[in-house]
Amino acid sequence: MFTQELLNQSSQLRQKWEDEVKKSVAKHADQKENWTTVSDLEIKRIYGPEDIKNMDFEKDIAYPGQFPYLRGNQPTGYRGKYWTFRMFAGMGTAVETNKRWHYLLKTGQTGLSTAFDFPTLMGYDTDSPKAKGECGKCGVAIDTIEDFRDLINGIPLDKITTSMTINPPATVLWAMYCASAEQLGIPLTKIGGTIQNDMLKEFIAQKTFMCPPEPSVKLISDTVEFGTKYVPKWNTISISGYHIREAGATAVQELAFTLRDGMEYVEDAIRRKGLHVDEFAPRLSFFFNSHIDFFEEIAKLRAARRIWAKAMRDRYGSKDPRSWWMRFHTQTAGCSLTAQQPYNNVVRTATEALAAVLGGTQSLHTNSLDEVLCLPSDHAVQIALRTQQIIAEETGVVNTIDPLAGSYFVEALTNEMEEKAWEYIHKIDDMGGMIAAIDKGFPQLEISDAAYKFQQQIDAQEKVMIGVNKYVEADEKVDIPFLEIDDSVETEQLERLAAVKRKRDGRRVAETLKDLENACKRGDNVMPYCIEAVKSFATVQEICDVYREVFGEYRDPGIY
Amino acid sequence: MSVRRIRILLAKPGLDGHDRGAKVLARCFRDAGFEVIYTGCHQTPEQIAAAALQEDVDVVGLSCLSGAHKYLFPQVAKLLKDEGADDIVVIGGGIIPEQDMDALYEAGLKAIFTPGATLESLVEWINTNVTPRA
């Protein structure tokens with residue numbers, strides 16, 4: 001990376017500087033002994049050429065659009081196109097969520113993203129006893145394709161891409177999307193979007209699961225295969241580190257577990273479906289967290305691109321650069337926000353969004369200041385979206401691509417992220433892959449360790465959270481507008497579901513469910529059968545019950 | 001004579017999977033010398049009440065971040081009361097808005113802990129307010 005002459009020069013200057021430091025420290029001792037990132041990577045007082053001297057410019061850095069894509073997949077960065085402003089939204093009924101979507105599109109959002117309520121996510125209908133009290137609380141309630149049509153009402157499916165965070169019932173909701181598009185006369189080749197269909201991270205972190213890991217991965221390979229053949233613009237999986245981080249993982253753990261999950265899906269699609277990696281890999285996408293430690297996050301995102309490019313080319317023999325590109329969405333860290341002094345969350349979110357942009361994200365959700373207390377209000381969502389617009393259009397950080405490249409610190413930290421992530425990846429390889437690692441409880445316990453340690457550091461004030469363990473306001477009154485989902489949503493949704501059940505052809509429903517069951521037993525791709533089932537107004541739960549029946553049900557082992 | 005250690009059942013009622021807080025607490029309570037039983041996610045109120053009785057616990061700690069606490073927490077308290085076990089101390093935590101708290105206390109919960117509560121304060125609360133049942 002540097003000539004020997006420059007390194008010698010640097011070493012001399014560094015010696016002089018170190019002498020100065022000694023004098024300085026004698027006057028002002030360092031404010032603390034250990035300087036670490038939020039996830040405990042040690043940070044040196046200074047970084048210089050010697051910290052990145054072993055890097056090879058062509059092999060390790062290069063330019064955007066060049067392997068290893070450290071600096072971005074595309075040659076033009078944000079000059080040609082900003083990232084997609086994709087705010088996550090979903091609450092109450094489909095009609096209410098549709099209203100929020102239209103509001104966001106009017107406010108300048110450029111892609112949609114759906115949050116489903118817990119019953120939908122877990123494959124239960126609103127009328128299940130397990131769903132009581134949950135309807136519409138944490139997302140939108142969808143029981144049948146009729147709800148789904150209300151959700152997408154007035155949204156041009158051939159122009160706007162929609163991301164659905166849905167996981168266990170991903171096949172069901174995607175089937176609703178495909179069937180609705182067809183019924184609107186839009187061919188499957190024209191629709192674009194993403195299903196968050198990453199089950200491994202559910203066992204590791206988010207805990208929204210239905211069937212055991214092995215059949216869950218099979219259902220994912222079904223969507224990968226179906227998308228490859230019939231829905232070429234759809235991202236058939238969004239491999240998510242976001243929830244891994246929210247569960248308490250460090251930045252390195254988020255990086256390692258997410259990418260190793262991605263590798264597991266690649267291996268399964270090749271092995272189970274006989275696909276060539278380059279047939280489907282260009283439609284894989286990722287989803288990362290952007291936490292509060294600015295440089296650590298930038299380094300993590302840059303490292304992610306480089307690791308994935310190497311893995312795809314060297315580990316899986318991919319020949320197509322589009323398979324080497326790691327394409328990802330980022331969300332600012334919900335767990336970094338505080339219920340105390342909630343307006344401070346605007347500042348946190350802005351910092352995290354800036355890190356995501358400097359890390360080269362292709363899509364971004366910014367959290368609203370009230371999200372730690374309730375579902376976001378229209379006003380809070382607007383500030384969050386404006387945060388992205390200010391970064392894009394006022395700050396000038398988009399003027400040049402990957403502006404931090406070559407920074408001694410950023411490159412050194414990026415390298416460290418990558419090395420430590422590979423250590424984890426190889427460890428999981430040695431265990432026999434991610435499913436085996438999950439069975440052993442390995443990632444779960446690593447994350448629990450990190451979460452517990454972080455909480456202890458907060459309590460001991462070794463890590464600072466303003467308003468929580470420092471600059472606390474006594475008798476603080478939280479005074480922000482509060483969005484509450486009324487319990488009447490549940491009553492309304494129950495009536496809607498009952499009405500659909502009354503008017504549908506029960507015999508047709510039973511037939512399509514039986515066909516699906518037989519397909520599951522034969523090991524066929526479930527997607528075509530799922531599409532027929534949703535068209536007959538089979539409910540989310542009725543379809544998921546088939547999966548549970550044939551594939552079994554996973555129960556939380558409660559590892560801590 | 002050795003004193004019986006305080007036994008705590010930590011539970012995640014409902015469909016919510018956000019278990020970071022519950023698991024951090026499980027470790028913290030274990031380190032503080034309590035006996036801890038953790039149910040894992042997705043428990044119905046009936047399962048939680050049955051586990052509390054079977055394990056003969058002194059405290060049931062409920063964690064919920066989905067917004068369904070208004071139904072789930074009182075339901076657990078009611079089921080315990082129906083079984084004549086209202087001496088089991090029920091506490092709750094998670095994303096619990098201020099305006100929901102009175103109703104939860106009325107339903108029988110003894111304390112509600114929200115984000116920002118320190119681990120130490122929780123241990124102290126239990127040591128002050130709970131005596132092991134005979």
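Letters A, B, ... are given to chains in the order of the sequence lines, protein chains preceding strands, and every chain is numbered from 1.
The neighbour count for A:E553 CD, taken as heavy atoms of other residues, nucleotides or ligands under 6.0 Å away, is above 12. By the neighbour-count criterion of 12 heavy atoms within 6.0 Å, atom CD of A:E476 is densely surrounded, having more than that number from other residues, nucleotides or ligands.
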Please assess A:E134 against B:S66 for the test side chain to side chain contact (heavy atoms under 4.5 Å, CB included), listing each intermediate value before the final yes or no.
-> CA-CA 7 Å; A:E134 310 260 16; B:S66 75; 2.9 Å; yes
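By number of non-hydrogen pairs under 4.5 angstrom with chain B, the leading residue of A:A451, A:A247, A:P119 is A:A247. Looking only at heavy-atom pairs under 4.5 Å with chain A, the residue among B:S121, B:P45, B:A26 that has the most is B:A26. Between chain B and the options A:M465, A:R555, A:E246, A:H243, the largest number of non-hydrogen pairs under 4.5 Å is found for A:E246.
B:A117 touches chain A through its backbone: at least one of N, CA, C or O sits under 4.5 Å from a heavy atom, while the side chain does not. Both the backbone and the side chain of A:S448 come within contact range of chain B, judged by heavy atoms closer than 4.5 Å. For A:C135, no part lies under 4.5 angstrom from a heavy atom of chain B. Interface remark: A:L121 contributes no atoms to any contact with chain B (heavy atom separation under 4.5 Å). Both the backbone and the side chain of B:L119 have a heavy atom closer than 4.5 Å to some heavy atom of chain A. If you measure heavy-atom distances from B:D16 to chain A, the contacts under 4.5 Å come from both the backbone and the side chain.
For the side chain to side chain contact (heavy atoms under 4.5 Å, CB included) with A:Y560, the qualifying choice from B:L25, B:V24, B:V36, B:L10 is B:V36, the only one to do so.
At least one donor-acceptor pair closer than 3.5 Å links the side chain of B:H42 to the backbone N or O of A:K207. The backbone N or O of B:G40 lies less than 3.5 Å from no partner atom in the side chain of A:D556, so there is not a single donor-acceptor pair.
Of all residues in residues 101-116 of chain B, those placing a non-hydrogen atom less than 4.5 angstrom from a non-hydrogen atom of chain A are B:P115, B:G116. Contact residues of residues 78-99 of chain B toward chain A are B:I95, B:P97, B:Q99 (heavy-atom distance under 4.5 Å).
How far SG of A:C138 is from CG of B:L15: 10.5 Å, rounded to the nearest 0.5 Å. Taking CZ from A:F118 and CG from B:L65, the interatomic distance works out to 8.5 Å, rounded to the nearest 0.5 Å. For the atom pair NZ of B:K23 and CD1 of A:I447, the computed distance is 7.5 Å after rounding to the nearest 0.5 Å. With rounding to the nearest 0.5 angstrom, the CD atom of A:Q456 is 12.0 Å from the OG1 atom of B:T118. Separating the OH atom in A:Y452 from the CZ atom in B:R30 is a distance of 7.5 Å, to the nearest 0.5 Å. Between atom OH of residue B:Y71 and atom CD of residue A:E490 there is a gap of 9.0 Å, rounded to the nearest 0.5 Å.
In terms of heavy-atom proximity, B:A68 sits nearest to A:G133 at CB-O, 3.2 Å.
Residues B:R20 and A:F454 are in side-chain contact: their nearest non-hydrogen atoms beyond the backbone lie under 4.5 Å apart.
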